[in-house]
There are 2 protein chains.
Amino acid sequence: MNASTKIDKDDRVQFSITELAEEFGVTSRTIRFYEDKGLVNPEREGTTRIYSRKDRGRLKIILRGRRLGFSLQDIKKMLDMYSPKGEPTGQLTFTLQKCEEQLEKLIAQRTDINEAISELEDGIAQLREHLASGDNVADGCKKTIA
Amino acid sequence: MNASTKIDKDDRVQFSITELAEEFGVTSRTIRFYEDKGLVNPEREGTTRIYSRKDRGRLKIILRGRRLGFSLQDIKKMLDMYSPKGEPTGQLTFTLQKCEEQLEKLIAQRTDINEAISELEDGIAQLREHLASGDNVADGCKKTIA
DNA sequence: AATATAGTTGACGTTTACGTAAACGTCAAC
DNA sequence: GTTGACGTTTACGTAAACGTCAACTATATT
């Protein structure tokens with residue numbers, strides 16, 4: 001049980017926690033944390049975690065979900081509703097709904113950020129004026145920004 | 001000490017905590033919290049906080065700072081460097097620098113958000129396709145979103 | 001006086017996504 | 001037979017910006 005059980009090289013079937021951690025640019029602590037939260041459930045060899053390709057896939061999904069701003073809770077639900085055998089219709093509509101919600105949130109955020117950016121740009125311009133004119137601001141400037 | 005000390009109506013000189021809380025749409029607890037953090041320092045009449053117009057101005061600044069995404073710490077520094085008597089030059093350049101930093105952060109955030117939005121829009125489109133075609137997704141869909 | 005109203009302090013709770021140490025097991029290599 | 005790398009569990013810590021609650025106090029009105 002050595003050369004035969006040992007995996008070849010690149011298209012692995014099993015992965016260690018650190019391998020996946022490195023591959024995805026997170027710490028193993030993070031991956032264990034996801035397990036705590038019920039997002040992954042690797043096999044065990046004794047106590048050591050053994051990750052399958054499927055587990056790896058789930059991790060990929062989790063990480064993308066995070067990038068897209070989903071909470072781990074939402075991601076869990078999406079994954080949970082996926083696993084059953086047959087019709088993933090429920091899961092699909094759920095995911096779709098969550099995606100749409102998130103999309104709206106992001107758009108709202110973008111709006112906010114755009115406003116903040118405008119305000120800041122204006123403020124910066126005014127600050128520069130004051131600094132250039134050596135203005136002895138007494139009480140008027142703070143109204144601009146701070 | 002009633003009709004004379006009582007403020008007239010609109011261009012007040014003193015404010016209670018709840019007045020300001022309502023005006024700015026925050027709870028009084030929040031305002032006290034800001035005081036804890038050293039952002040405001042209202043007078044006291046006994047134990048009761050009395051906010052001056054200046055305090056109110058500071059609150060305004062604080063709230064705008066929050067909207068612009070500054071941390072309370074940064075806001076505090078901006079405010080702190082303001083109060084001294086003379087040249088607010090130091091404060092101005094500090095504030096300016098912070099503003100520029102924040103502007104960059106916000107722009108970076110906007111970029112991230114825009115990417116996320118694109119990804120989400122794509123994902124949503126694909127989910128819709130699958131749902132429309134009644135696709136019996138086995139393992140391919142989850143690669144899309146979840 | 002007693003209730004009502006507003007205000008205060010202090011301390012702990014909340015949320016999210018992990019970090020960080022402690023203390024120990026396991027396995028291969030030297 | 002020890003070293004070192006990697007792994008495990010348990011559990012408390014962190015950061016930000018408040019919320020919540022309990023127990024008082026102070027003032028005003030009934």
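A, B, ... follow the sequence lines: proteins, then strands. Residue 1 opens every chain. Heavy-atom basis, side chains included; hydrogens, waters and symmetry copies ignored.
Searching all strands for a Watson-Crick or G-U wobble partner of C:dG25 with both distances below 3.5 Å returns D:dC6. Here C:dC30 sits opposite D:dG1 as a Watson-Crick or G-U wobble pair (both hydrogen-bonding atom distances under 3.5 Å). Across all strands shown, the partner of C:dA1 is D:dT30, judged by Watson-Crick or G-U wobble contacts whose two distances both fall under 3.5 Å.
When rounded to the nearest whole Å, the span between CD of A:Gln73 and P of C:dT14 equals 15 Å. Note: OH (B:Tyr51) to C1' (C:dT8) measures 11 Å, nearest angstrom. Rounded to a whole Å, the CG atom of B:Asp36 is 11 Å from the P atom of C:dA11. Rounded to an integer number of Å, the gap from CG of A:Leu63 to P of C:dC18 is 8 Å. For the pair B:Glu43 CD and C:dG7 P, the interatomic distance rounds to 17 Å; values are reported in whole Å. Between B:Glu45 atom CD and C:dT8 atom C1' the separation is 15 Å, expressed in whole Å. Atom CZ of B:Arg44 is separated from atom P of D:dT27 by 14 Å (rounded to the nearest Å). Summarising the geometry, the separation between CD on B:Glu35 and P on C:dT9 is reported as 7 Å, rounded to the nearest angstrom.
You'll find a donor-acceptor pair under 3.5 Å spanning the side chain of A:Arg29 and the base of C:dT20, going by distance alone.
Salt-bridge formation is detected for the pair B:Glu119/A:Arg67: a Lys NZ or Arg NE/NH1/NH2 atom is positioned less than 4.0 Å from an Asp or Glu carboxylate oxygen. Under 4.0 Å is where a charged nitrogen must lie from a carboxylate oxygen, and between B:Glu23 and B:Arg56 at least one such pair does.
Toward the 5' end of DNA chain D, the nearer of the two residues A:Ser16 and B:Thr48, judged by each one's closest nucleotide, is A:Ser16. Projected onto DNA chain D by closest heavy-atom contact, A:Ser28 and B:Thr27 fall at different nucleotides, the more 5' of which corresponds to A:Ser28.
Listed pair A:Tyr34 / C:dC18 meets the phosphate criterion, a side-chain N or O lying under 4.0 Å from OP1 or OP2. In this structure, A:Arg32 reaches the D:dT8 phosphate: one of its side-chain N or O atoms is under 4.0 Å from OP1 or OP2.
Comparing atom distances between the A:Arg49 side chain and each of D:dT8, C:dT8, D:dA11 picks out D:dT8 as nearest. The side chain of B:Ser71 lies closest to D:dA17 when the candidates are D:dT8, C:dA17, D:dA17. In the set C:dC18, D:dA17, D:dT8, C:dC18 carries the atom at the smallest distance from any side-chain atom of A:Arg66. Distances were taken from every side-chain heavy atom of B:Phe33 (C-beta onward) to each of D:dG7, C:dA17, D:dA17; the shortest belongs to D:dA17. You'll find that the side chain of A:Thr47 is closest to D:dT8, out of D:dC18, D:dT8, C:dG19.
The shortest heavy-atom contact between B:Asp55 and B:Tyr51 is OD2-CA, 3.6 Å. When all heavy atoms are compared, the tightest approach of B:Phe24 to B:Lys60 is CE2-CG, 3.8 Å.
Taking 4.5 Å as the limit, every side-chain heavy atom of B:Glu101 sits out of range of all side-chain heavy atoms of B:Phe70.
Under the side chain to side chain donor-acceptor pair (under 3.5 Å) criterion, B:Asn114 pairs with A:Arg110, not counting sequence neighbours.
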